[in-house]
Amino acid sequence: MLEPNFSSKSQEAEIYKNWEDAGAFKPDMEGNKAPYSMVIPPPNVTGSLHLGHALNNTLQDILARFERMRGKSVLWQPGLDHAGIATQMVVERQLAQAGGNESRASLGREKFIERVWQWKAESGGTIVSQLKRLGASCDWSRERFTMDEGLSEAVLKVFVQLHKEGLIYRAKRLVNWDPHFETAISDLEVINEEKAGHFWHFKYPLENGETYEFPIAYDEEGNPTEYETRNYISIATTRPETMLGDGAVAVHPSDKRYASIVGKKVLLPLADRYIPIIADEYPDPDFGSGAVKITGAHDFNDYKVAQRHNLPMYELMDTKARMADADFIPAKYRGLDRFEARKQIVADIDELGLLLEVEDKTISQPIGDRSGVVIEPMLTDQWYVDAKTLSVPALEAVKSGNVTFTPDNWKETYFQWLENIEPWCISRQLWWGHRIPAWYDENGNIFVELTEEEAQKAADEKNGAPTKLKRDEDVLDTWFSSGLWPFSTLGWPEKTEYLDKFYPTTTLVTMFDIIFFWVARMMMMGIHFTGKAPFKNIIIHSRVVDEKGKKMSKSKGNIIDPVPLIDEYGADALRFCLAIAAGPGRDIRMSAKRVEGYRNFGTKLWNAARFCQMNECVSDAEFNPENVTHTLNKWIVSQVARTAKDIERNLESFRFDEAAGTLYSFIWNIFCDWYLELIKPLLNGEDEELKAETRKTAAWVIDEILKLLHPFMPFITEELWGKVAEFGHGREDMLINQAWPKYPLALINDDVEKEIAWVIDLISGIRSLRAETNINAGTKITAILVGGTQDSVNLLEKYQDVIDRLARLEYSTSANETPKGSVTFVHNEAVVALPLAGVLDVEAEKVRLSKEVARCIAEIKKIEGKLGNENFVARAPQEVVDEQKERLAGYQNEKDKYSNALSKLDEI
RNA sequence: GGGCGCAUAGCUCAGCGGGAGAGCACUACAUUGACAUUGUAGGGGUCGCAGGUUCAAUCCCUGCUGCGCCCA
């Protein structure tokens with residue numbers, strides 16, 4: 001006998017272990033099953049499970065289990081990425097906290113990397129055990145890590161080949177420099193934040209005391225009416241410390257105010273250099289003074305201007321963003337932090353009398369997504385991928401429809417980015433990562449080869465003599481290796497059985513925020529190196545936010561941790577909650593309350609199974625749903641078939657919410673609320689043959705429900721699968737290995753569904769009327785079907801037992817006349833009367849009936865309006881017109897019956 | 001500035017050219033019954049605003065208002 005509820009806490013781990021031990025998560029490599037594959041979006045090795053992961057992996061697991069049951073050979077490839085900056089940060093922090101006076105620098109590269117590996121072995125990959133708690137059916141025997149030997153080999157091979165193809169190159173450019181980690185980062189790792197800042201207006205005096213006339217007042221046509229004589233040009237900046245590196249002042253060529261001084265020079269204060277005034281399209285004449293200082297080495301826009309005009313680039317800062325020890329920087333600023341230098345420079349300009357104004361202004365600041373510090377554009381040597389070239393086939397794959405996005409509109413985001421893609425900076429000044437396979441000789445020649453030996457050979461050949469080489473110190477962006485994930489995890493560059501069978505993968509499930517970071521890069525790399533796009537369907541799911549719709553973040557302190565939710569409500573409840581909320585588009589608002597609701601749903605199912613078990617409903621291997629005889633059994637079989645079809649259709653189109661919703665309402669509102677209630681009289685009745693059929697049918701339905709629900713709620717369904725068969729024939733195999741239900745279409749029986757709908761409507765109608773007329777729930781009353789056809793009368797007799805029971809009736813019968821003193825409602829062609837001898841509240845009943853009549857009249861008017869419109873009758877499809885006619889007849893019938901009842905009340 | 005989206009019941013969200021839906025919340029009633037992690041019933045919405053297309057618009061188009069996200 002089942003306990004009153006499922007103990008998720010005590011059972012889930014065991015169930016999971018049983019699946020794993022049985023090898024249920026492994027793909028079938030022997031048979032002819034069609035392959036179905038997904039690669040997990042690799043979580044960071046430093047990461048722990050958050051609700052985004054929970055959602056992402058729930059959806060993947062639903063697909064994996066569904067397709068496995070549908071007979072596919074499913075590979076869900078798991079693994080982790082090495083998260084260069086994040087991991088290095090974790091280990092460095094650990095060293096600092098250990099207090100052993102050790103640091104990355106003191107250990108040196110080799111020792112430090114050893115420490116990272118040690119950390120990884122001890123506490124990395126917490127998330128893997130958490131994914132297991134969620135029920136994720138990944139093939140863990142194939143777990144991969146981006147720093148694994150095989151995957152590292154793939155990285156090297158890709159780098160070397162792209163370099164030989166000219167698609168990877170080294171260049172000195174302005175990059176986003178993170179002064180905290182002292183490394184370059186890519187555009188995508190920079191977050192632009194709006195912050196309150198200042199706009200400082202400086203005077204740059206003209207050389208030799210020259211002057212010009214600057215307009216200060218204008219007439220209505222915009223012509224200057226008043227001038228002042230100026231011996232300076234006014235520039236404004238949000239970053240005064242960069243003025244020491246100015247190479248020019250730029251004005252727009254059409255800006256008449258400055259036309260007379262273009263080509264002249266101004267004194268750069270503090271730096272004591274003279275710089276030219278140049279004309280360039282970049283300055284906006286309507287913004288500020290219209291004159292812009294150009295600091296080529298510390299601003300992306302200025303960089304372009306400086307390049308166009310061949311301006312010198314003054315590199316002002318060191319790797320920590322302190323003012324550099326350079327001769328063009330006055331000694332007093334050298335070594336100052338950039339923000340200290342800012343204060344000092346503003347003060348000094350002010351002292352020189354050159355500070356015009358300080359304006360409050362909202363400025364957009366680039367922030368490193370990992371470090372949180374202000375990013376400094378810096379001129380450095382880095383490695384770049386020619387993403388533009390690689391993007392062409394990646395775009396084409398989606399445009400042609402070979403690769404699809406779900407929801408479809410995400411492809412616009414994908415196009416938008418790929419069509420405007422910039423070279424991708426892939427080198428990082430870190431230690432933890434794939435070291436770049438490039439060697440330099442003393443003349444600055446670069447040799448990019450798979451191994452040091454090959455590089456040496458190439459260098460010796462080129463130089464015609466043994467050459468001393470030095471390897472590049474830098475490592476590659478983590479996303480560079482993640483970009484290879486769909487094929488590197490399957491064994492590429494080796495030609496493996498897995499690569500052959502499972503690449504391209506079928507489906508990728510991920511979130512919109514890494515379409516650029518990851519999806520686009522996998523597309524580029526996958527197509528370039530294998531000739532095929534790495535997946536067919538890309539499913540983009542929503543973001544999980546808090547109850548108030550706010551993005552969860554550590555700083556806001558509104559993070560809901562999924563692990564305690566699993567502890568409290570079970571993994572199934574969390575999964576179901578996420579799945580049913582995973583509609584297209586919107587953010588998913590999460591709260592424990594909701595999860596609780598779906599835990600209750602599991603309990604409901606559990607108790608339905610418990611009820612069946614108590615009633616000796618044992619499934620029979622010989623049972624054939626096509627052969628059931630009783631209408632109730634035919635009905636539930638029909639409903640199961642319909643539900644299964646809906647779920648399958650919804651899962652095929654990735655509508656997890658619809659599929660889950662269908663299951664919820666079928667299990668609760670059809671199976672529990674109606675079928676189990678309706679069969680109670682049969683199970684307690686005398687007809688042994690019918691009882692046997694009904695027991696078998698109920699047991700069969702439970703089994704089918706368990707299969708259909710399994711992808712969503714794997715634990716409770718697996719547990720029930722075993723338990724409900726305890727007193728029967730037992731089970732030969734676990735639920736996870738069962739075939740997905742496939743029924744003959746003929747099981748869906750409209751006539752039977754109509755018949756039971758008649759019964760359900762009758763019972764509901766009586767219940768409603770009882771409640772509305774305040775008939776005590778315990779009072780047994782009579783119901784009389786008045787004016788029903790013979791068919792209806794027959795149905796009433798056939799289902800009398802259940803109708804009486806569920807509507808709490810003394811008895812029910814049929815008659816030709818409504819007894820006086822009854823309350824009534826319309827049921828199809830008939831009227832149902834509840835005689836309330838003596839206790840009828842005539843006035844209340846008049847009000848109620850009048851409302852019903854009014855409701856019918858309102859509908860009738862609406863429909864008559866339509867049907868009276870010639871254009872409607874002429875232009876609307878015939879079936880729509882017919883449908884409206886039918887509706888009209890229905891409401892007229894209903895209205896007549898209620899009016900009739902109303903007039904009868906007057907007779908009392 | 002460019003792109004994507006959202007506005008439907010108190011809340012969270014489905015729906016979508018021809019009858020306004022679900023879950024939660026709320027109200028009333030019930031309860032030794034498979035299940036109080038329950039049951040039955042109920043109230044509650046000019047489907048953001050204004051135009052247009054159409055025989056017909058919550059749904060399609062345009063504009064407006066408000067809100068969100070991404071990119072520059």
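Lettering follows sequence order; numbering is per chain, from 1.
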Asker: Reckon A:Asn869 touches a base, only the sugar-phosphate, or nothing at all at heavy-atom distances under 4.0 Å?
Answerer: sugar-phosphate
Asker: For the CD atom of A:Gln416 and the CD atom of A:Glu412, what is their distance to the nearest 0.5 Å?
Answerer: 9.0 Å
Asker: Under 4.0 Å, heavy atoms only, any strand: does A:Phe516 hit a base, just the sugar-phosphate, or nothing?
Answerer: sugar-phosphate
Asker: In terms of side-chain heavy atoms of A:Ala771, which of B:A14, B:C69, B:A41 is nearest?
Answerer: B:A41
Asker: Tell me if a side-chain donor or acceptor on A:Asn893 pairs with a main-chain N or O of A:Ala889 at a distance below 3.5 Å.
Answerer: no
Asker: Take atom CD1 of A:Ile540 and atom P of B:C70, then tell me their distance rounded to the nearest Å.
Answerer: 15 Å
Asker: Mind checking who B:A22 pairs with, Watson-Crick or G-U wobble, both distances under 3.5 Å?
Answerer: B:U12
Asker: So which nucleotide from B:G39, B:G18, B:A41 ends up closest to the side chain of A:Pro877?
Answerer: B:G18
Asker: On the side chain of A:Lys593, is there an atom forming a donor-acceptor pair with the base of B:C24 - under 3.5 Å, no angle test?
Answerer: no
Asker: Of all the nucleotides listed (B:G15, B:U40, B:U12), which has the minimum atom distance to the side chain of A:Arg767?
Answerer: B:U40
Asker: For B:G48, what is the paired nucleotide under Watson-Crick or G-U wobble rules, both distances under 3.5 Å?
Answerer: B:C64
Asker: With the side chain of A:Gln416 defined as its heavy atoms from C-beta on, choose the nearest nucleotide among B:G2, B:A34, B:A14.
Answerer: B:G2
Asker: Measure the shortest side-chain to side-chain distance between A:Phe825 and A:Ile766 over non-hydrogen atoms and say whether it is less than 4.5 angstrom.
Answerer: yes
Asker: Find the distance A:Glu859:CD to B:A20:C1' and express it as a whole number of Å.
Answerer: 11 Å
Asker: Quick check on contacts: within residues 659-674 of chain A, what sits under 4.0 Å from RNA chain B by heavy-atom distance?
Answerer: A:Tyr664, A:Trp668, A:Cys672, A:Asp673
Asker: Return whichever of A:Glu883 or A:Asp587 has its heavy-atom-nearest nucleotide of RNA chain B closer to the 5' end.
Answerer: A:Asp587
Asker: Should A:Asn871 be listed as having a side-chain N or O under 4.0 Å from OP1 or OP2 of B:A56?
Answerer: no
Asker: May I ask you to say what A:Ser768 touches in the nucleic acid, namely base, sugar-phosphate or nothing, with a heavy-atom cut-off under 4.0 Å?
Answerer: sugar-phosphate
Asker: May I ask you to test the A:Leu709-A:Phe601 pair for a side-chain heavy-atom distance under 4.5 Å?
Answerer: yes
Asker: Calculate the interatomic distance between A:Phe601 atom CZ and B:U37 atom C1'; express it in whole Å.
Answerer: 13 Å
Asker: Would you mind classifying the nucleic acid contact of A:Pro4 as base, sugar-phosphate or nothing, using non-hydrogen atoms under 4.0 angstrom?
Answerer: nothing
Asker: Can you tell if the side chain of A:Glu852 reaches within under 4.5 Å of the side chain of A:Lys897, non-hydrogen atoms only?
Answerer: no
Asker: Please classify the nucleic acid contact of A:Arg887 as base, sugar-phosphate, or nothing, using heavy-atom distances under 4.0 Å.
Answerer: base
Asker: Would you mind classifying the nucleic acid contact of A:Asp657 as base, sugar-phosphate or nothing, using non-hydrogen atoms under 4.0 angstrom?
Answerer: nothing
Asker: Taking atom C1' in both B:C67 and B:U27, what distance in whole Å separates the two?
Answerer: 33 Å
Asker: Determine the contact category for A:Arg805: base if any of its heavy atoms lies under 4.0 Å from a base atom, sugar-phosphate if only primed atoms, P, OP1 or OP2 are that close, otherwise nothing.
Answerer: nothing
Asker: Calculate the interatomic distance between A:Ile588 atom CD1 and B:U12 atom P; express it in whole Å.
Answerer: 15 Å
Asker: Which nucleotide, if any, forms a Watson-Crick or G-U wobble pair with B:C69, using both distances under 3.5 Å?
Answerer: B:G3
Asker: Evaluate the side-chain proximity of A:Ile716 to A:Gln11: yes if any heavy-atom separation is below 4.5 Å, no if none is.
Answerer: no
Asker: So which one's nearest nucleotide on RNA chain B is more toward 5', A:Glu677 or A:Lys862?
Answerer: A:Lys862
Asker: Would you kindly give the CG-to-P distance between A:Leu418 and B:C71, to the nearest whole Å?
Answerer: 14 Å
Asker: I want to verify a distance call: between B:A72, B:C29, B:U37, whose nearest atom is closest to the A:Ala777 side chain?
Answerer: B:C29
Asker: Taking the six-membered ring for Trp, is the centroid-to-centroid distance between A:Tyr598 and A:Tyr664 below 6.0 Å?
Answerer: yes
Asker: According to a strict under-4.0 Å criterion, is A:Arg589 in side-chain N/O contact with OP1 or OP2 of B:U12?
Answerer: yes
Asker: Just call it for A:Gln884: base, sugar-phosphate, or nothing, with non-hydrogen atoms closer than 4.0 Å on any strand.
Answerer: sugar-phosphate
Asker: How far, in whole Å, is B:G3 from B:A14 if one measures between their P atoms?
Answerer: 25 Å
Asker: What is the pairing partner of B:U38, taking Watson-Crick or G-U wobble pairs with both distances under 3.5 Å in any strand?
Answerer: B:A30
Asker: Quick check for you: among B:U12, B:G15, B:U37, whose closest atom lies nearest to any side-chain atom of A:Thr603?
Answerer: B:U37
Asker: B:G42, OP1 or OP2 - any side-chain N/O from A:Arg770 closer than 4.0 Å?
Answerer: no
Asker: Counting C-beta onward and ignoring hydrogens, is there a side-chain heavy-atom pair between A:Glu845 and A:Leu849 closer than 4.5 Å?
Answerer: yes
Asker: Between A:Glu412 (CD) and B:C6 (C1'), how many Å, whole number?
Answerer: 17 Å
Asker: For A:Arg610, report the nucleic acid contact type (base, sugar-phosphate, nothing); a contact means any heavy atom under 4.0 Å.
Answerer: sugar-phosphate
Asker: If I take atom CZ in residue A:Arg594 and atom P in nucleotide B:A14, what distance separates them, rounded to the nearest angstrom?
Answerer: 11 Å
Asker: Going by heavy atoms in the side chains, are A:Val519 and A:Leu508 under 4.5 Å from each other?
Answerer: yes
Asker: Identify whether any heavy atom of A:Glu596 sits under 4.0 Å from a base atom; if not, whether one sits that close to sugar-phosphate; answer base, sugar-phosphate or nothing.
Answerer: nothing
Asker: Classify A:Arg543 by what it touches in the nucleic acid, base, sugar-phosphate, or nothing, heavy-atom distance under 4.0 Å.
Answerer: sugar-phosphate
Asker: Looking at A:Lys411, does any N or O in its side chain come under 4.0 Å of the phosphate oxygens OP1/OP2 on B:C4?
Answerer: no
Asker: Of the nucleotides B:G15, B:A41, B:U37, which has the atom closest to the A:Asn5 side chain?
Answerer: B:U37
Asker: How about A:Ile588 and A:Arg543: do any of their side-chain heavy atoms sit closer than 4.5 Å?
Answerer: no
